[in-house]
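Report on the following structure.
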Number of protein chains: 2
Amino acid sequence: MGRVKRPLTRDRVLRAAVRVADEGGLGALTMRRLAEVLGAEAMSLYYHVRNKEEVLDGVVEVITSEINDLVDKIDLPSEGAAWKAAVRTRILTAREVFLRHPWATGVFESRTSSNPAVLRYNDGMVRLLRDGGFTHDQIHHALHALGSRSLGFTQELFDPGTGPVTEESLAALRGMADAFPHLVSMLTEIAHDDPDSTLGWCDDQKEFEFGLDLILDGLDRLRA
Amino acid sequence: MGRVKRPLTRDRVLRAAVRVADEGGLGALTMRRLAEVLGAEAMSLYYHVRNKEEVLDGVVEVITSEINDLVDKIDLPSEGAAWKAAVRTRILTAREVFLRHPWATGVFESRTSSNPAVLRYNDGMVRLLRDGGFTHDQIHHALHALGSRSLGFTQELFDPGTGPVTEESLAALRGMADAFPHLVSMLTEIAHDDPDSTLGWCDDQKEFEFGLDLILDGLDRLRA
DNA sequence: ACCTGAACACCGTTCAAGT
DNA sequence: ACCTGAACACCGTTCAAGT
């Protein structure tokens, strides 16, 4: 934060990009704003990165490195049946990083990046599954089946509302009973079972773990 | 495509938006280009939609309606154990629509939309799972576990390359053996097993079905 | 009610020029 | 080698004005 103007580097640019997005969301991450926080002009950035795409690729690298730093510290057995707990912990640890940088999932989704950090993360995943006794072919399928869950986040399309369950939202729900009877039945029952839910309609973490365990259990059954 | 200038409507605007993206990708979908194909000025669009966000929300609605038209025609038993085949067919049918509009997954990912079309799709999904004997609570978990897979697409982060397996790509792979030993071992074995693969490293459809079946089998085991 | 022209505030990026 | 000022081509959007 000092007033002294350190020279720009690719690394400083990318770390600043994460900081800008942390503070103002992905929309705040413009080349001009990025230069501003670095005490430089927008055009100076182009000496260190080719274009904005490269900044976003770099952001993926920075975030994934943060994940790697955390998962590298995990010291759990992974031989045989222990693979599952090891992979589960790895993924839930990675997830913590996305909870700190909620805007980052969108960046990961927008590119199929295979930078060194992501490759290293996947390499560790292959190792754990290998320890579990899976064949290379099974591991390949497993990584595809996990998709973004492997890094700790999911794309939710079913979102019955993020706010808390209120009298208004319940009334709105009743109004849709004719058009979407099965959906409304389900949601009213869920709201009724947990009327004081301060978490809103769903507990993201619980749902993530449910889906993750479903897949891990399924994989475990495939082991030789 | 007659020369006659029909009046703009919200519906015409949204359908044109899908057409523009089909032809030039999501990047081509600008308000100015959209107006152009409709034979109007960009500013005229704002009489029918609030802003570009609403155009994108509308695109989700149009695409999901296309999906609903297809899945509504499916006539399969869904009582008891038959639920699985019914859901599987529904999802793979929805997937066909995204294969026709590959740019659309990005739009779905960028918003948690609950427009009427998406609600209707989910309503049908709840019905099928209900027929299968699941409780409302289980169905709720199931929809979260499926995530975007419920609509027929996944977010792939593990992508070892889209091109075909060539001598160059294999050489590049060998160069990474020190840094990512487990990953490289896996990929070389996969390439070796299927050396003439014209599909490239992975068959997207096969991987999608593998992951889908893993989840559906897992859910089936939860039924009362 | 429906559409438009001109204008504004913002992008990412190029290029020639500075030190 | 590193940084910058001015400028360009493009956005989405506002607003007053047309029919």
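Quick note on labels: first sequence line is chain A, next is B, and so on, each numbered from 1. If you're wondering where the values come from, they're calculated on a predicted model, not measured in any experiment.
What separates CZ of B:Arg33 from C1' of D:dT13 is a distance of 20 Å, to the nearest Å. The distance from atom CE of B:Met31 to atom C1' of C:dA9 is 17 Å, rounded to the nearest whole Å. The interatomic distance linking B:Glu41 (CD) with D:dT13 (P) rounds to 17 Å, in whole Å. D:dG5 atom P lies 13 Å from atom CZ of A:Arg32, rounded to whole Å. Between the P atom of C:dA1 and the CZ atom of B:Arg10 lies a distance of 19 Å, rounded to the nearest Å. As a whole-Å value, the separation of A:Leu45 CG from C:dG12 P is 10 Å.
Against DNA chain D, the stretch residues 47-55 of chain A makes heavy-atom approaches under 4.0 Å through A:Tyr47, A:His48.
Identified under the ring-ring contact (aromatic ring centres under 6.0 Å, His included) test for residues 106-129 of chain B, with sequence neighbours left out: B:Phe98-B:Phe108.
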Enumerate the protein-to-nucleotides 16-18 of chain D contacts in which both atoms are nitrogen or oxygen and the separation is below 3.5 Å.
none

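Residues forming a side chain to side chain contact (heavy atoms under 4.5 Å, CB included) with A:Glu66 (at least two apart in sequence, or on another chain): A:Val97, A:Arg100, A:His101. Applying the ring-ring contact (aromatic ring centres under 6.0 Å, His included) rule to B:His182 yields no partners; only residues at least two apart in sequence or on another chain are considered. By the side chain to side chain contact (heavy atoms under 4.5 Å, CB included) test, B:Thr112 is found to be paired with A:Asp159, residues two or more places apart in sequence or in another chain being considered. Every residue two or more places apart in sequence or in another chain that forms a side chain to side chain contact (heavy atoms under 4.5 Å, CB included) with B:Arg174 is listed here: B:Glu167, B:Leu170, B:Ala171. Take A:Arg95 and apply the salt bridge (Lys or Arg N to Asp or Glu O under 4.0 Å) test, not counting sequence neighbours, and it matches no residue. Every residue meeting the side chain to side chain contact (heavy atoms under 4.5 Å, CB included) condition with A:Leu26, not counting sequence neighbours, appears here in chain and number order: A:Leu29, A:Trp103, A:Val107.
In the set D:dG12, D:dC3, C:dG12, the nucleotide with an atom closest to the side chain of B:Tyr46 is D:dG12. The side chain of A:Met43 has D:dA7 as its nearest neighbour among D:dT14, C:dC3, D:dA7.
Within 4.0 Å (heavy atoms only), A:Thr30 reaches sugar-phosphate atoms of the nucleic acid but no base atom.
Here B:His136 and B:His140 keep their ring centres 6.0 angstrom or further from each other.
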For residues 57-65 of chain A, run the donor-acceptor check on the side chains, cut-off 3.5 Å, and write out each pair with its distance to 0.1 Å, sequence neighbours left out.
from, atom 1, to, atom 2, distance (Å)
A:Asp57, OD1, A:Arg111, NH1, 3.0
A:Thr64, OG1, A:Val60, O, 2.6
A:Ser65, OG, A:Glu61, O, 2.8

Run the side-chain donor-acceptor check on residues 31-47 of chain B: report pairs under 3.5 Å with partners two or more places apart or on a different chain.
from, atom 1, to, atom 2, distance (Å)
B:Arg33, NH1, B:Glu36, OE1, 2.4
B:Ser44, OG, B:Glu41, O, 3.3

Nucleotide pairing, DNA chain C (Watson-Crick or G-U, distances under 3.5 Å), in dot-bracket with [ ] and |: ||.|||||...|||||.||

